[in-house]
Amino acid sequence: MIQKIAKKAIISAIIISMALQQAGLAQVSGPFPIPSYISGYVAPDKFRPMQLRCLSFDQARSQMDFYLDQGDIREFEIGEIEKNAKKISDYFQVGLRLPDTSFWVNLRPDSPERIIDPSLENT
C-alpha cells in the first residue's frame, strides 16, 4: 500500500515538474519587465537586414525562385530590393560553389597572413 502511494507521488511529481519546466513556462508567460538600470546595458536588436527565407526550383522552367524576408524594410523601392536580392543570390551561389573547408576565419593577431581562406577572399 505504501509502495503504491510512493509510486503515485513520484509520478505526480514528475508530471508536475514536466508541466512547469522552462519551455512550457516560456510559452505561457508574457515578456518580463526589465528594470531601467539594466535596460541601458541591454542592446536591442535594431537592425534586421533582408535575408533569404527559402527557395524553390521549378523543373518545367529550369528556374530557381528565391523567397526573401523583408527584414526591417518598410518603404519598398524596386531598385533597392533588386540590388539586395542580387547580393543575397550571389552570397548563396558562393556558398554552393566553394567547398566547406574554405569557410573559416582566423582571428589570431600573430598570423595576419592567414585571416581568411584565399578562395573565399576572391569572392
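For reference, positions follow the sequence shown, starting with 1.
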Worksheet item: How close do Phe103 and Gly95 get, heavy atom to heavy atom, and via which atoms?
Response: CZ-CA, 3.8 Å

Discussion item. Checking Ser111 now: which residues fulfil side chain to side chain donor-acceptor pair (under 3.5 Å) with it, not counting sequence neighbours?
Written reply: Asn106

Response to the item:
Tracing side-chain contacts under 4.5 Å among Ile, Leu, Val, Met, Phe, Trp and Tyr outward from Leu107 reaches Val105

Worksheet entry | Partners meeting side chain to side chain contact (heavy atoms under 4.5 Å, CB included) with Ser102 (sequence neighbours left out) | Leu98, Pro99, Asp117, Ser119

Name each donor-acceptor pair under 3.5 Å that joins a side chain in residues 81-88 to protein atoms two or more places apart or in another chain, with its distance.
{"unit_1": "Lys86", "atom_1": "NZ", "unit_2": "Asp90", "atom_2": "OD1", "d": "3.0"}
{"unit_1": "Lys86", "atom_1": "NZ", "unit_2": "Asp90", "atom_2": "OD2", "d": "3.4"}

Worksheet item: Should Tyr91 and Phe66 be counted in the same cluster of Ile, Leu, Val, Met, Phe, Trp and Tyr side chains packed under 4.5 Å apart?
Response: no

Discussion item. Are Trp104 and Ile115 linked, directly or through intermediate hydrophobic residues, by side-chain heavy-atom contacts shorter than 4.5 Å (ILVMFWY only)?
Written reply: no

Which pairs would a plain distance check flag for residues 51-59, meaning a side-chain donor or acceptor within less than 3.5 Å of a matching protein atom at least two apart in sequence or in another chain?
{"unit_1": "Arg53", "atom_1": "NH2", "unit_2": "Asp69", "atom_2": "OD2", "d": "2.6"}
{"unit_1": "Asp58", "atom_1": "OD1", "unit_2": "Ala60", "atom_2": "N", "d": "3.3"}
{"unit_1": "Asp58", "atom_1": "OD2", "unit_2": "Arg61", "atom_2": "NE", "d": "2.6"}

Worksheet entry | Sequence neighbours excluded - side-chain hydrogen bond (donor to acceptor under 3.5 Å, both in side chains) pairs with any residue from residues 1-12 | none

